[in-house]
Amino acid sequence: MRRDMSKIRVRFAPSPTGYLHVGGARTALFNWLFARHNKGDFILRIEDTDQIRSTNQSIDEIMVSLQWLGIDWDEYYRQSERSDLHQRAAEQLLDADAVYEEEGALWFKVPEQGEIMVNDLLAGTVIFANEQLKDFVIRRSDGSFTYNFACVVDDSDLHISHVIRGDEHLNNTPRQILLYHALGMPVPKFVHLPMILGPDKTKLSKRLGATSVLDYKARGFLPTALLNFFARLGWSHGDQEVFTKQELIDLFGLTAIGTSAAIFDEEKLLWLNGRHIKLIDPEKLVALVEPFVIEAKIADQIQWQSIEHARLVSIVTLLRDRSHTLIDLATAMAILFPITFDYDAETARQYFSPDKINLMEGIIAALQPLDQFTAAAIEAQLRVVAAEQGVKLKDIAQPCRYAVTGQTVGPGLFHLLEVIGKELTLQRLSDRLAAMKRDG
RNA sequence: GUCCCCAUCAUCUAGUGGCCCAGGAUACCGGGUUUUCAUCCCGGCGGCAGGGGUUCAAAUCCCCUUGGGGACGCCA
């Protein structure tokens, strides 16, 4: 087989012992961006040599997570299916007298003297003394191969050009280099990424929870926002904060990666998600928010489909300015559906007091005759009512808004009413008026 | 304990010896715009961990201290 040896080939090599968390996702992203930027290959290799802890469910979840993020791979391998390769390499070391057997396990002999130099593209040259490395197992007594060994054999066999991985692997690197040398294989370039720490400043762990990529999906984050956020944890491009996926690919480079660990700050992610929600095509936003509307039981499938598509596009365009997540957006969309609001007693006293009955009647009378229920027409009519009643526009707008949306805050009222539609608007206003008369 | 890595506002970061008595972003606090809230715009708060060097000049280079993190498995 011929290969272009200069081609950039990187891999993401997760162990399938749990879900994909944000630290792993960031590592995957940096590898992927590096590959895509350089027109190289991105390989997904599942490191499932720990047969006890590895699960298929975990493999599925990792793949689903990556797919959702939009990180696609060019090749896929499972380390456990490559044991023939590992076995041959082990025998090669056995023949070379580089390993010895003890209690059924195969141990690699580390020279007692000397030192091993790691040339990391980020950390620079790091020197390890052999004496503190100690011999290590490459094949367990059950016949399976350990991480350090399988990793080296696979990276070598797959012609990985750059090993881009978390900082916590830096200490493994001298052992791996020793293995490359013993196997007579070329050593790839190493890039050890600074870690992502939790809010407590310790290593992100699966035990801590809430760091799963899929959790962020469920909480209404956009994959592009997450990608953007992950990229900015350690990587930067001047003062730019918001990046599209394509910009990330175009601009990404190893030299712009920092060296210190970063803490995962959800506040900023929330802000960034809001920015991406404003950036995305409204048509796509409609499709993205639908499952959240259904999930939250704001509307069922039938009700959702009963709304004209154009109205859905209009409403998300109006509502997205104040949405940080798709859940925010879905929640705000409740006004489109025939639900009853829980009017807060105190707020209702303010807007629906008996002295407001004339006002409410005026609003209804003004909107009732409109044939074209458009924002412009609604605004014109409501301004007339305000003038006639001798009050400010807000004194009309707020009671009207509260009656029709159950909220005191929201998008511009005229456009909002247009999207909600004449029927629902008038029905809600009439219901309120009736209640005001009854209670008053 | 041993080894390794790291060190600019609370947080993410720009900064590769002079352009920096340090810039941007989030958060927070004011103000403006608006029918409300948000968005948006303007302003404010806030940092080069400490100490030694090197240099005409250091956030930037070197050393030490301190602090933080990681690794020390027949886990990955």
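Quick note: numbers below take in every heavy atom, side chains included, and nothing from hydrogens, waters or symmetry partners.
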**Item:** Nearest-Å distance for atom pair CG/C1', residues A/L133 and B/G73
**Value:** 15 Å

**Request:** Name the residue closer to the 5' end of RNA chain B, choosing between A/G258 and A/L269 according to the nucleotide with the nearest heavy atom.
**Result:** A/G258

**Prompt:** Once you round it to whole Å, what is the distance between P of B/C74 and OH of A/Y147?
**Reply:** 15 Å

**Asked** Within this structure, what is the CG-to-C1' distance between A/L272 and B/U13, rounded to whole angstrom?
**Response** 13 Å

**Prompt:** So what does A/E267 touch, heavy atoms closer than 4.0 Å: a base, only the sugar-phosphate, or nothing?
**Reply:** sugar-phosphate

**Request:** Tell me whether the centres of the aromatic rings in A/Y147 and A/H169 are closer together than 6.0 Å.
**Result:** yes

**Distance between P atoms of B/C6 and B/A49 (Å, rounded)** = 15 Å

Expected rows: protein N/O vs nucleotides 67-72 of chain B N/O, under 3.5 Å:
| residue | atom | partner | partner atom | Å |
| --- | --- | --- | --- | --- |
| B/G70 | OP1 | A/K203 | N | 2.8 |
| B/G70 | N2 | A/N171 | ND2 | 3.2 |
| B/A71 | OP1 | A/K203 | NZ | 2.7 |
| B/A71 | O4' | A/N171 | ND2 | 3.3 |

**Prompt:** Which part of the nucleic acid, if any, lies within contact of A/E379, taking any heavy atom under 4.0 Å across all strands shown: a base, the sugar-phosphate backbone alone, or nothing?
**Reply:** nothing

**Message:** Does A/S141 reach a base, just sugar-phosphate, or nothing at all? Heavy atoms under 4.0 Å.
**Reply:** base

**Request:** Give the rounded distance in Å between these two atoms: CG of A/D135 and P of B/C74.
**Result:** 11 Å

**Asked** A/K268 NZ to B/U11 P: how many Å, rounded?
**Response** 13 Å

**Request:** Answer yes if the side chains of A/T146 and A/N148 hold a donor-acceptor pair under 3.5 Å, and no otherwise.
**Result:** no

**Message:** Using the C1' atom as the point on both nucleotides, what is the distance between B/G50 and B/A7, in whole Å?
**Reply:** 12 Å

**Complete:** Mate of B/U2 across any strand shown (Watson-Crick or G-U wobble, both atom pairs under 3.5 Å) is B/A71

**Prompt:** If you round to the nearest 0.5 Å, how far is CD of A/Q79 from CG of A/D50?
**Reply:** 11.0 Å

**Request:** Pick the P atom in B/A25 and in B/U65, then give their distance to the nearest Å.
**Result:** 39 Å

**Prompt:** For A/Q57, does the CD atom have more than 12 heavy-atom neighbours from other residues, nucleotides or ligands under 6.0 Å away?
**Reply:** no

**Asked** Is any side-chain heavy atom of A/D120 less than 4.5 Å from a side-chain heavy atom of A/T173?
**Response** no

**Message:** Classify A/T49 by what it touches in the nucleic acid, base, sugar-phosphate, or nothing, heavy-atom distance under 4.0 Å.
**Reply:** sugar-phosphate

**Prompt:** Do the two ring centres, one from A/F34 and one from A/F42, sit under 6.0 Å apart?
**Reply:** no

**Prompt:** Is the closest side-chain heavy-atom distance between A/R139 and A/Q87 below 4.5 Å?
**Reply:** yes

**Asked** Taking any strand in view, what nucleotide pairs with B/C48 in a Watson-Crick or G-U wobble way, both distances under 3.5 Å?
**Response** none

**Request:** Give, ordered by number, those residues of residues 80-95 of chain A having at least one heavy-atom distance below 4.0 Å to an atom of RNA chain B; if nothing qualifies, reply none.
**Result:** none

**Asked** For A/D265, which residues count as a salt bridge (Lys or Arg N to Asp or Glu O under 4.0 Å) partner, sequence neighbours excluded?
**Response** none

**Prompt:** Would you say the side chain of A/P411 lies within less than 4.5 Å of the side chain of A/R322, judging by non-hydrogen atoms?
**Reply:** yes

**Complete:** Taken to the nearest whole Å, CG/A/L233 to P/B/C6 is 18 Å

**Prompt:** Side chain of A/T259: nearest nucleotide among B/C4, B/G24, B/C6?
**Reply:** B/C6

Which atoms of nucleotides 44-51 of chain B (N or O only) lie under 3.5 Å from a protein N or O atom, and what are those distances?
none

**Fill in**
Here the distance between atom P of B/A76 and atom CD1 of A/I62, to the nearest Å, is 14 Å

**Request:** Establish whether the base of B/C74 is bridged to the side chain of A/T146 by a donor-acceptor pair shorter than 3.5 Å.
**Result:** no

**Asked** Picking from B/C74, B/C5, B/A76, which would you name as closest to the side chain of A/A105?
**Response** B/C74

**Atom-pair distance (CD1 on A/I263; P on B/A7), nearest Å** = 14 Å

**Request:** Please state the C1' separation for the pair B/C21 and B/U26 - nearest whole angstrom.
**Result:** 25 Å

**Which nucleotide in B/C74, B/C12, B/C5 has an atom nearest any side-chain atom of A/A262** = B/C12

**Item:** Pairing nucleotide - B/U54, Watson-Crick or G-U, each distance under 3.5 Å
**Value:** none

**Request:** Using a 4.0 Å cut-off on protein heavy atoms (strictly under), produce a 5'-to-3' string for nucleotides 30-41 of chain B with B for base contact, S for backbone-only sugar-phosphate contact, and - for none.
**Result:** -----BBBBSS-

**Request:** Test the A/R78-A/Y76 pair against the cation-pi criterion, namely NZ or CZ under 6.0 angstrom from the six-membered ring centroid and within 45° of the ring axis.
**Result:** no

**Item:** Counter-base of B/A59, judged by Watson-Crick or G-U geometry with both distances under 3.5 Å
**Value:** none

**Message:** Quick check: A/F341 with A/Y402 (ring centres under 6.0 Å apart)?
**Reply:** no

**Request:** Tell me which of A/A123 and A/E47 sits closer to the 5' end of RNA chain B, going by the nucleotide each one is nearest to.
**Result:** A/A123

**Span that lies between the C1' atom of B/U54 and that of B/C62, in whole angstrom** = 7 Å

**Message:** Applying the ring-ring contact (aromatic ring centres under 6.0 Å, His included) criterion to A/Y216, which one of A/F230, A/F264, A/Y19 satisfies it?
**Reply:** A/F264

**Asked** Are A/E241 and A/R275 ion-paired here, with the side-chain N under 4.0 Å from a carboxylate O?
**Response** no

**Message:** A cation-pi test, strictly: NZ or CZ of A/R82 under 6.0 Å from the centre of the six-membered ring of A/Y77 and no more than 45 degrees from its axis. Yes or no?
**Reply:** yes

**Request:** Provide the distance between the two C1' atoms, one in B/U13 and one in B/G47, to the nearest whole Å.
**Result:** 12 Å

Distance-only donor-acceptor hits, side chain of residues 97-105 of chain A, under 3.5 Å, sequence neighbours excluded:
| residue | atom | partner | partner atom | Å |
| --- | --- | --- | --- | --- |
| A/Y100 | OH | A/D135 | OD2 | 2.8 |

**Asked** Is the side chain of A/H159 donor-acceptor paired with the backbone N or O of A/D157 at a distance under 3.5 Å, no angle test?
**Response** yes

